[in-house]
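As structure tokens, the structure follows; a few thoughts come after it.
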Amino acid sequence: MKISSFFYTLWQGIKNIFRNKLFSLASVATISACLFLFGLFYSVLANFQHIVKTAEEGVCIVVFFDEDITDARIEEIGDMIKRRAEVSKVNFVSADEAWEGFKTEYLRDYSDGFLENPLEGLSNYEVYLNDVSMQSALVTYLESVPGVNEVKRSELTALTLSNANKLIGYISIGIIAILLAVSIFLISNTVTIGITVRKEEISIMKYIGATDFFVRAPFVIEGIIIGLVGAAIPLALIYFVYNRALNFLKEQFSVLSSLLNFLAIEEIFKNLLPVSLAIGVGIGFLGSFITVRKHLRV
Amino acid sequence: MALPNRKKKLMEDDEVIVMENVSKSYQAGIPALSNVSLKIKKGEFVFVVGDSGSGKSTFIKLLLREIVPTEGNLYVLNYNLNKIKHRKIPKFRRNLGVVFQDFRLLKDRNVYENVAFAQRIIQVPGKQIRKNVPKVLATVGLAGKYKAKPGKLSGGEQQRVAIARALVNRPTVLLADEPTGNLDPNNSMEIMRLLEEINNAGTTVIMVTHNKDIVNAMQKRVITLRKGVIVSDHERGGYDDED
């Protein structure tokens with residue numbers, strides 16, 4: 001394509017948007033509405049997942065040792081645990097540290113009567129996992145390690161969190177798939193109406209001898225621009241609404257915000273920005289590309 | 001204009017259209033065109049006449065390669081339209097100019113833009129377009145109205161714009177499908193004078209019509225279709241409306 005033709009096509013694509021203001025507005029509004037809902041659900045689900053993940057990271061397995069174990073063997077066991085892929089963090093808690101923790105948490109001023117450490121011999125490893133669903137497998141492994149006396153875990157917490165994570169995953173996929181399907185249906189209808197209005201222009205172009213590419217290009221450019229604008233508007237809205245909602249939650253429900261760890265908008269946008277723009281551009285491109293094709297057989 | 005430089009010569013140098021036993025059926029049943037054979041030479045002015053359902057529209061659609069013959073061979077400007085590849089159709093159509101009964105102008109663009117549109121879509125450089133469009137608008141007598149939108153023009157003027165658009169790419173053949181169908185007798189005669197001038201300048205003109213007065217007044221070649229069959233082909237004839 002010649003440079004002048006490229007600019008002509010680009011300019012025609014832009015002009016088409018203004019020539020068919022109503023159609024352009026309807027398309028932008030449809031894409032925006034769908035992507036706004038998509039962004040909203042994504043933000044909520046991403047936060048849920050983040051909260052569950054944070055809770056998962058707090059779940060730990062405690063590994064106790066045989067009474068006659070040597071320090072060298074404890075260190076060896078620690079290294080073995082660290083090498084496991086499902087393990088994110090391992091903390092060694094000595095018997096003294098364990099007693100200090102117990103005193104602070106449960107006894108406070110009533111600990112004066114204890115002259116010796118009653119938890120002597122109860123030094124342990126606190127093992128944190130990447131994926132809480134791997135807890136059972138890790139416990140089975142640890143129980144088989146020579147020198148390990150007992151492994152304590154919270155099976156119910158692990159199971160609940162693991163199930164919650166799975167459920168959120170399924171709900172996310174389901175809702176996002178439905179939203180995308182609805183968006184594509186609405187947008188293809190809007191594009192079809194817009195192009196049907198200009199069926200005559202396409203047929204004139206074909207009769208005069210325009211190539212399929214030349215006929216299609218302005219419509220595709222128009223579709224891409226509409227898709228971009230349609231994606232940018234909900235992104236800006238979500239940015240604004242999300243920050244406001246976060247501030248509102250922090251101010252009005254301070255207990256909630258201290259318990260739950262919400263994602264910053266930047267974290268949300270890391271995925272939402274490219275995905276929304278890609279969906280907007282993709283829908284605009286495909287919608288116009290496919291719909292124009294129907295009218296090219298003249 | 002010379003025929004495109006192609007390897008295989010499919011028709012004589014002085015021929016622009018050759019139909020050999022061409023038939024076209026849309027569905028199983030009565031064919032829209034049946035066993036049509038004819039030759040149209042370079043520089044001819046040909047009327048194709050007939051009542052509704054005689055096959056005139058099918059005739060034009062075949063020449064534009066909008067549809068393909070069901071049977072027979074169709075050659076236009078040394079292109080075999082039975083076998084032409086889809087990607088080569090645009091190049092073939094650039095040798096044709098088309099004028100329709102309903103003008104088919106872009107209503108949101110002015111006269112200049114409507115004509116320039118035909119050049120832009122075949123990627124003529126802008127400098128050349130700025131030179132060609134005023135020239136062709138002067139030919140059709142609309143140089144002074146280049147800024148007007150189609151809605152502000154009379155039917156005759158709109159048809160002139162359509163003719164200018166068809167002419168600006170310097171076609172070898174001009175196909176006119178009922179170009180006077182929406183015009184009053186005065187405007188119709190004006191358009192006919194313009195088409196005759198274009199023909200005199202060397203362009204082959206093929207006009208589909210059922211306007212007896214025009215056909216009789218012009219005394220050009222007349223091909224009469226009835227129920228998809230050529231019933232007469234007179235070198236300098238009038239409207240054949242016997243039976």
Side-chain angles (χ1 to χ4, degrees), chain A residues 1-27 193-222 225-226 288-298, chain B residues 4 60-61 63-68 77 79 85-100 102-109 113-130 150 161-162 164-177:
Chain A
M1 186 188 246
K2 291 174 186 166
I3 292 176
S4 60
S5 299
F6 170 77
F7 284 112
Y8 171 74
T9 306
L10 188 69
W11 182 232
Q12 284 306 305
I14 295 166
K15 268 167 110 177
N16 279 349
I17 294 172
F18 295 99
R19 272 191 198 124
N20 307 282
K21 285 187 205 88
L22 266 181
F23 158 70
S24 306
L25 269 176
S27 304
I193 294 165
I195 286 178
T196 307
V197 171
R198 284 140 73 191
K199 209 165 64 178
E200 184 144 304
E201 183 176 337
I202 296 174
S203 77
I204 294 168
M205 288 171 94
K206 290 293 291 174
Y207 283 131
I208 293 170
T211 57
D212 288 353
F213 176 80
F214 203 85
V215 174
R216 192 181 260 152
F219 289 99
V220 170
I221 287 169
E222 183 184 349
I225 294 172
I226 285 174
S288 47
F289 191 88
I290 294 167
T291 323
V292 175
R293 194 173 59 175
K294 282 189 219 161
H295 300 285
L296 289 177
R297 295 261 156 208
V298 175
Chain B
I60 286 277
K61 281 181 184 174
L63 295 184
L64 278 167
R65 183 41 179 83
E66 200 180 323
I67 53 175
V68 192
L77 298 165
Y79 284 89
K85 286 187 178 128
H86 179 75
R87 63 186 164 82
K88 289 198 171 168
I89 295 173
K91 201 177 169 199
F92 157 71
R93 286 189 180 148
R94 290 173 193 184
N95 299 295
L96 307 175
V98 202
V99 179
F100 300 96
D102 55 356
F103 321 130
R104 299 202 192 170
L105 299 175
L106 302 172
K107 292 172 185 68
D108 58 342
R109 276 161 255 196
E113 286 163 346
N114 262 284
V115 179
F117 176 72
Q119 294 238 283
R120 285 206 179 100
I121 62 173
I122 64 162
Q123 303 184 53
V124 175
K127 202 175 164 188
Q128 199 64 40
I129 296 174
R130 286 189 288 277
V161 180
R165 184 180 65 191
L167 280 184
V168 73
N169 291 337
R170 301 166 65 88
T172 312
V173 177
L174 182 71
L175 299 173
D177 188 2

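What's counted below: heavy atoms across the whole structure, side chains too, no hydrogens, waters or symmetry copies. Order of the sequence lines fixes the chain letters, A, B, ..., with proteins taken first and strands second; residue numbering starts at 1 for each chain. Computed from a predicted model, the values in this text were never measured in an experiment.
- Of all heavy-atom pairs spanning A/Gly209 and B/Arg93, the tightest one is CA-CB, 4.0 Å.
- Heavy-atom minimum distance, A/Gln12 versus B/Arg109: OE1-NH1, 3.7 Å.
- A pairwise comparison of heavy atoms in A/Ile208 and B/Ile122 identifies O-CG2, 4.1 Å as the closest pair.
- For a residue to count as touching a neighbouring chain, one of its non-hydrogen atoms must lie under 4.5 Å from one of that chain's; by this rule B/Phe100 touches chain A with the side chain only.
- With a 4.5 Å cut-off on non-hydrogen atoms, B/Arg165 touches chain A through its side chain but not through its backbone.
- Side-chain contact check for A/Lys206 versus B/Glu66: every heavy-atom pair is 4.5 Å or farther apart.
- The number of heavy atoms from other shown groups lying within 6.0 Å of NZ (B/Lys91) does not exceed 12.
- Taking both residues in full, the closest heavy atoms of A/Phe214 and B/Ile121 are given as CE2-CA, 3.3 Å, listed atom of the first, atom of the second, then distance.
- For A/Glu201, the parts sitting under 4.5 Å from any heavy atom of chain B are the backbone and the side chain alike.
- Interatomic distance, A/Tyr8 OH to B/Ile129 CD1, rounded to the nearest 0.5 Å: 8.0 Å.
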